[in-house]
K.L.:
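Quick one: structure below, then a few questions.
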Amino acid sequence: MRTEQPKMIYLKDYQAPEYLIDETHLTFELFEDHSLVHAQLVMRRNPARGAGLPPLVLDGQQLELLSVSLADQPLSADDYQLDDSHLTLHPTSASFTLDTSVKIHPESNTALEGLYKSSGMFCTQCEAEGFRKITYYLDRPDVMSKFTTTVVAEQHRYPVLLSNGNPIASGPGEDGRHWATWEDPFMKPAYLFALVAGDLWCVEDSFRTQSGRDVALRIYVEPENIDKCQHAMNSLKKSMRWDEETYGREYDLDIFMIVAVNDFNMGAMENKGLNIFNSSAVLARAETATDAAHQRVEAIVAHEYFHNWSGNRVTCRDWFQLSLKEGFTVFRDAGFSSDMNSRTVKRIQDVAYLRTHQFAEDAGPMAHAVRPESFIEISNFYTLTVYEKGSEVVGMIHTLLGAEGFRKGSDLYFERHDGQAVTCDDFVKAMEDANGVDLTQFKRWYSQAGTPRLAVSESYDAAAKTYSLTFRQSCPQTPDKVEKLPFVIPVELGLLDSKGAGMALRLSGENAAQGTSRVISVTEAEQTFTFVDITEQPLPSLLRGFSAPVKLSFPYSRDQLMFLMQHDSDGFNRWDAGQQLAVQVLQELIAQHQQGQALVMDERLVTALGTVLADDSLDQAMVAEMLSLPGEAYLTEISEVADVEAIHAAREFARQQLADSLFDALWKRYQTNRSVSKATAYVAESEHFARRALQNIALSYLMLTHKPEVLAAAIEQFDSADNMTERLTALAVLVNSPFEAEKAQALAVFAENFKDNALVMDQWFSVQAGSPLPGGLERVKALMQHPAFNLKNPNKVRALVGAFAGQNLINFHAADGSGYRFLADLVIQLNGFNPQIASRQLAPLTRWRKYDSARQALMKGELERIRASGDLSSDVFEVVSKSLA
């Protein structure tokens, strides 16, 4: 059992490094049972830290030191200090060369940090602090160096040798070995270092930049996956062109490479010139990847490419500034995806995810600011707050400054800080200076945790023709702070007249109206805005496009929400009105269930969704989104005390009512779209995504009726679909149906057809793990014995355990606590070999305060059992201790 609490690291304690590394020369000798790393560092005293020669303290973990030389003089053990995490030396001059040789063991590295092996391939993951597991170094993002890397390995096993930058030399070695040297001309921190050695094939292409340079593009994969790379290559070329056109950013090296690996803790890594991807974020073909997977590949390829500027050329000074690169780059990739697909649908999907998951994070024990003040383990802060909320913060700056002003600010930011490690304040300062504005108060979004609440009330004076909106903002206390100062909240809004038309908006004191949609800034705890020349009682459309990540409340009636669904010119708010209506109806059903009453659903929801379903003029993807009821996780998030059984019963009842009442319209939509699918070859484009999305949600409703013609349609779609989107949906509706024979047949056929495709089998696991039918835990335990499951592969853990604990709420939250015990056992086991994945699986247990007292006791008990289980990693210790605080 841990007897010492790991050290807390604070932003306020930041100090610049005592020494700098101008050049890093690495040689890797890769063998099957060990590897040797020889490092030569050209170093100097950091002039910003003053005079004198303090000790040089290098980071290093799990390294066997073989030799060390300072200024070409070999050192003995008496000349340095060595412990489990540091090598301390004593320089005698302000400029010097340090040479070290270490032995490491990538073949047994199950934590997947540093240098490790995946499917026989050597690869690296150095962000955030993995480089210290490769060699002794100043492993911090504000130490930037030029890297030259030589990789030596057996040519037969590892014909491909890759690293950052441009290739400069290669040749044969002794005993069947060969070598390759790469040089990166750009300064970078160690977390952006990458190395790959393996037997890989590649898809090649090229891209001509706006200045006329030709860049070689290569995607490396294992030979059996060579036919699944074209979509990623197309996405890369689209990303490169988009970044030139939208941000003026051109790629800077002669070659850009992506490598797909099967064992990876994250989605992908933006290492300079050599991006390493989880194979799930690269491989996509119609027969094996869903539409959502195609869109995910496109988005992640774009995200990692965009990092070349927002993260690599300009990087973060310290890990507290992580959102400087991640939040900004998520904002950039969201803009790209919006342009490639439907902007409104993309916004809907992003906000639905944010509200369900990031808002829950804000309300839980791990709540932290976008720029946190402290952490124990930085790996725990690759969070939705840093990424998604960080993106929303950047988006609010864009909203406040406008597209042109934001572009001016980003241009200045890149120009001013190219080649530097900077802070979130530097980013905001560039936006201020480029636009002549003061964003001092706005920066509270970076320093204050929690989701602000914005309560809105109205007042209409018919005689004076004025309409006033009063905004009251607040923010709940979070573990770091009780008192919160007012934020700057940009609210985009419109006012609708009785016919649904937008009204001209002129605030009191203004000379002229400013259109029918505008942005106001709420900056005070309570603030009133009065509009003039309002000739009738309007209906406000508030927070259009979700212009700020807040919880908005306005006393809309259900009839008013139906009106907004039909008439609002803002597509996002049309969807949101439908979600608010659905929430009101579902909460009423939840109350009926809790009171033991017969469930009776408000027919206005049926009528509203029936109208949407019948409107052929709407984008089919939009119709699909509007037909999607708020999920159980979101209903849990907005509950004071989540009643798991009532939420599940209410939502399932509502789905059944909609399926029965709208059967004819759903069946028509399904048949029409399915007939087009059968007659049309698969295309990974937005119009086709939209058609299949509506087709599949219609089938999921229709299957609830248990009608024989629907069962036949599901089987036909499963058997004859030419793409994974339709086949997997058909499998899912069968798995969630009472048709046991058909279900078993489909599962067996699917597994037999795709047993050799790891990523498709992940989907097979997830469909079963997420089924809310009784016996969920027993199914998951049985599936863990399946030959395709491997607890040491992060994708498998996420597909099976993550899907069960995070999505299958009715089974995970079984009243006897069996789901909690299962997850705790898994976390204890995972902690021993992959702490990052262990800590990320903990999230469902950290929300124990959200549930009834009996479940609280069970969940808290499992957290206490994890804490007492033994020598916890800092990753798991931090999450558990904060959850129990």
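Atoms considered below: every heavy atom in the structure, side chains included; atoms not considered: hydrogens, waters and symmetry mates.
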K.L.:
Is it true that T24 and Y137 share a donor-acceptor pair across their side chains at a distance under 3.5 Å?
P.N.:
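Y137 vs T24: donor-acceptor pair found between side chains.
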K.L.:
Tell me whether the NZ or CZ atom of R332 lies within the 45° cone about the ring axis of Y247 and under 6.0 Å from its centre.
P.N.:
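So R332 does make the cation-pi contact.
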K.L.:
Are D184 and K272 ion-paired here, with the side-chain N under 4.0 Å from a carboxylate O?
P.N.:
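No, no charged N to carboxylate O under 4.0 Å.
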K.L.:
Could you check whether D22 pairs with R44 (Lys NZ or Arg NE/NH1/NH2 to Asp/Glu carboxylate O, under 4.0 Å)?
P.N.:
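The answer is yes: the pair qualifies as a salt bridge.
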K.L.:
I'd like to know if E129 and R132 make a salt bridge, using a cut-off of under 4.0 Å between side-chain N and carboxylate O.
P.N.:
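A salt bridge is present here (some side-chain N lies under 4.0 Å from a carboxylate O).
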K.L.:
I need the minimum non-hydrogen distance between P490 and L543, along with the two atoms involved.
P.N.:
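In this case the closest contact between P490 and L543 is O-CD1, 4.3 Å.
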K.L.:
Between R249 and D411, does any side-chain N to carboxylate O distance fall below 4.0 Å?
P.N.:
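Here R249 pairs with D411 in a salt bridge, since their nearest N and O are under 4.0 Å apart.
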K.L.:
Is it true that D142 and R317 have a side-chain N and a carboxylate O under 4.0 angstrom from each other?
P.N.:
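Looking at D142 and R317, the cut-off is not met.
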K.L.:
Between K12 and Y10, is NZ or CZ placed under 6.0 angstrom from the six-membered ring centre and within 45° of the ring axis?
P.N.:
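Judged by the rule (NZ or CZ under 6.0 Å from the ring centre, within 45° of its axis), K12 counts as positioned above Y10.
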K.L.:
Look at R347 together with E392 and state whether they make a salt bridge at an N to O cut-off of under 4.0 Å.
P.N.:
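Salt bridge between R347 and E392, a charged N being under 4.0 Å from a carboxylate O: yes.
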K.L.:
For P486, does its backbone N or O pair with a side-chain atom of Q441 as donor and acceptor, under 3.5 Å?
P.N.:
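Side chain of Q441 to backbone of P486, a donor-acceptor pair under 3.5 Å: yes, one is there.
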K.L.:
Kindly say whether the aromatic ring centers of F131 and Y191 come within a distance under 6.0 Å.
P.N.:
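When the ring centroids of F131 and Y191 are compared, they turn out to be at least 6.0 Å apart.
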K.L.:
Is D362 paired with K389 through a side-chain N to carboxylate O contact shorter than 4.0 Å?
P.N.:
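Judged by the 4.0 Å cut-off on N to carboxylate O distance, K389 and D362 do form a salt bridge.
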K.L.:
Check for a donor-acceptor pair, side chain of E432 on one end and backbone N or O of L439 on the other, with a separation under 3.5 Å.
P.N.:
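Indeed, once roles are kept as given, a pair shorter than 3.5 Å links the two residues.
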K.L.:
What I want to find out is whether K882 reaches E878 closely enough, with some N-O distance under 4.0 Å, to be called a salt bridge.
P.N.:
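Here K882 pairs with E878 in a salt bridge, since their nearest N and O are under 4.0 Å apart.
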K.L.:
What I want to find out is whether D425 reaches K429 closely enough, with some N-O distance under 4.0 Å, to be called a salt bridge.
P.N.:
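Answer for the salt bridge query: no.
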K.L.:
Classify the angle between the aromatic ring planes of H303 and H307 as parallel (below 30°), tilted (30 to 60°) or perpendicular (above 60°).
P.N.:
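If you compare the ring of H303 with that of H307, the planes turn out perpendicular.
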K.L.:
Heavy atoms only: give me the nearest F320-R371 pair and the separation to one decimal.
P.N.:
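Closest approach of F320 to R371, heavy atoms only: O-CG, 3.2 Å.
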K.L.:
Before accepting this row, confirm whether a basic side-chain N of the pair K325/E270 lies closer than 4.0 Å to the acidic partner's carboxylate O.
P.N.:
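A salt bridge links K325 with E270.
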K.L.:
Considering residues at least two apart in sequence or located in another chain, which fulfil the side chain to side chain contact (heavy atoms under 4.5 Å, CB included) criterion with A299?
P.N.:
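A299: side chain to side chain contact (heavy atoms under 4.5 Å, CB included) contacts with S337.
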K.L.:
Is NZ or CZ of R544 both nearer than 6.0 Å to the six-membered ring centre of F572 and within 45° of the ring axis?
P.N.:
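So R544 doesn't make the cation-pi contact.
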K.L.:
Test your reading of the model: is there a side-chain donor-acceptor pair from W319 to the backbone of F381, 3.5 Å cut-off?
P.N.:
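No; zero donor-acceptor contacts below 3.5 Å.
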K.L.:
So that I can tick it off, tell me whether E526 and R472 are bridged by a salt bridge, with the cut-off set at under 4.0 angstrom between side-chain N and carboxylate O.
P.N.:
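Salt bridge: yes.
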K.L.:
For S163 and A194, indicate whether the former's side chain and the latter's backbone hold a donor-acceptor pair under 3.5 Å.
P.N.:
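Answer holds: yes.
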K.L.:
Hey, can you tell me if W242 and F336 have their rings parallel, tilted or perpendicular (30° and 60° cut-offs)?
P.N.:
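Perpendicular: the ring planes of W242 and F336 meet at over 60°.
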K.L.:
Any donor and acceptor pair, going by atom type alone, linking the side chain of E361 with main-chain N or O of H357 inside 3.5 Å?
P.N.:
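Checked: no pair found.
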K.L.:
Does the distance from a Lys or Arg side-chain N to an Asp or Glu carboxylate O, for K238 and E298, drop under 4.0 Å?
P.N.:
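Yes, this pair counts.
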